[in-house]
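So the structure is just underneath, and the comments pick up after that.
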Amino acid sequence: MALRDPVDKNLQRMEGRRFAARCEAQISSIERADTLREVSRLATSLVLPYAITDDYTARDALRQVETRAEDRARELILEQIHQFSRAEDSQREKHKRAILDTWANLTGPLGHLRTWAQNKLTAAEQQQAT
């Protein structure tokens, strides 16, 4: 019934556009976020409603949110690692513990970044050792 009724089809399309607009607002919030915890929260707070799961506009918008959140998280991680490498030798262990604590917030669609971040941190530590 919903596939043939033009009113239902238009309502579904309108809901898809509305969801895409919410995703755009979420992307703006992600770009302003300055902590990994906030980026992770913003990346996981939007859920695609079942009624519009077939709408490509809505799915693309949600994918863009996740992509932008991943990019922003990578930027913040690289910034943390840069601060770690610039820290004095006596403060490095403290920085490392703080960094590892913040990486615990990488969950959901950002969970795979933990391994990437750990590899970057290991490379920074090895570079400092030489």
Side-chain angles (χ1 to χ4, degrees):
M1 177 177 146
L3 296 176
R4 300 194 195 272
D5 188 12
V7 173
D8 286 343
K9 199 174 193 179
N10 285 335
L11 282 174
Q12 186 177 11
R13 210 174 306 136
M14 184 182 70
E15 283 297 317
R17 287 193 304 262
R18 189 169 149 250
F19 183 78
R22 283 192 2 228
C23 288
E24 288 295 322
Q26 197 80 344
I27 289 172
S28 297
S29 297
I30 288 170
E31 290 172 353
R32 289 189 307 269
D34 58 351
T35 63
L36 286 175
R37 182 181 192 134
E38 185 70 11
V39 170
S40 182
R41 184 188 67 78
L42 291 169
T44 58
S45 64
L46 275 181
V47 177
L48 185 64
Y50 178 76
I52 58 174
T53 54
D54 293 337
D55 187 24
Y56 290 114
T57 304
R59 291 192 339 208
D60 286 343
L62 187 60
R63 185 175 36 79
Q64 287 176 351
V65 168
E66 291 173 357
T67 302
R68 183 58 191 130
E70 182 178 334
D71 292 343
R72 182 64 181 144
R74 285 180 192 265
E75 292 170 9
L76 291 171
I77 289 168
L78 289 175
E79 186 177 305
Q80 288 176 336
I81 291 173
H82 180 69
Q83 289 174 355
F84 169 79
S85 63
R86 287 184 25 199
E88 295 179 17
D89 292 336
S90 61
Q91 295 293 315
R92 282 218 177 100
E93 196 59 37
K94 180 180 174 184
H95 277 293
K96 183 177 178 180
R97 280 194 307 272
I99 287 172
L100 293 175
D101 284 343
T102 61
W103 291 351
N105 294 309
L106 294 172
T107 58
L110 301 178
H112 67 281
L113 289 179
R114 282 189 202 171
T115 307
W116 177 82
Q118 188 63 44
N119 289 338
K120 291 289 186 183
L121 182 62
T122 303
E125 287 176 327
Q126 289 175 351
Q127 210 171 32
Q128 294 297 320
T130 59

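Treat the numbers as computed from the prediction; the structure is a model and nothing was measured.
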### pair Asn105-Thr35: side-chain heavy atoms closer than 4.5 Å
no
### Query
Within a strict 4.5 Å, meaning less than it, do heavy atoms of the Ile52 and Thr57 side chains meet?
no
### Task
Under the side chain to side chain donor-acceptor pair (under 3.5 Å) rule, collect the residues that match up with Ser45, sequence neighbours excluded.
Gln26
### Query
In chain order, what residues pass the side chain to side chain contact (heavy atoms under 4.5 Å, CB included) check against Thr107, with sequence neighbours excluded?
Ser40, Arg114
#### Entry: Members besides Val7 in its Ile/Leu/Val/Met/Phe/Trp/Tyr cluster (side-chain heavy atoms under 4.5 Å)
Leu11, Met14
## Note on the structure
Of all heavy-atom pairs linking Ala33 and Leu42, the shortest is CB-CD1, 4.3 Å
### Message
So which atom in Leu106 and which in Ile77 form the shortest heavy-atom distance, rounded to 0.1 Å?
### Response
CD1-CD1, 3.9 Å
### Query
Is the shortest side-chain N to carboxylate O distance from Glu38 to Arg41 below 4.0 Å?
yes
### Message
For Glu93, give me all partners under side chain to side chain contact (heavy atoms under 4.5 Å, CB included), at least two apart in sequence or on another chain.
### Response
Lys96, Arg97
### Task
Would you check if there is a donor-acceptor pair between the side chains of Gln127 and Ser85 at a distance under 3.5 Å?
no
#### Entry: Under the side chain to side chain contact (heavy atoms under 4.5 Å, CB included) test, residues paired with Gln83 that sit two or more places apart
Glu79
#### Entry: Nearest atoms (heavy-atom pairs only) where Asp55 meets Gln12
OD2-O, 4.3 Å
#### Entry: Under the side chain to side chain contact (heavy atoms under 4.5 Å, CB included) test, residues paired with Glu70 that sit two or more places apart
Arg74, Leu110, His112, Leu113
### Task
Please say whether more than 12 non-hydrogen atoms of neighbouring residues, nucleotides or ligands are located less than 6.0 Å from CZ in Arg13.
yes
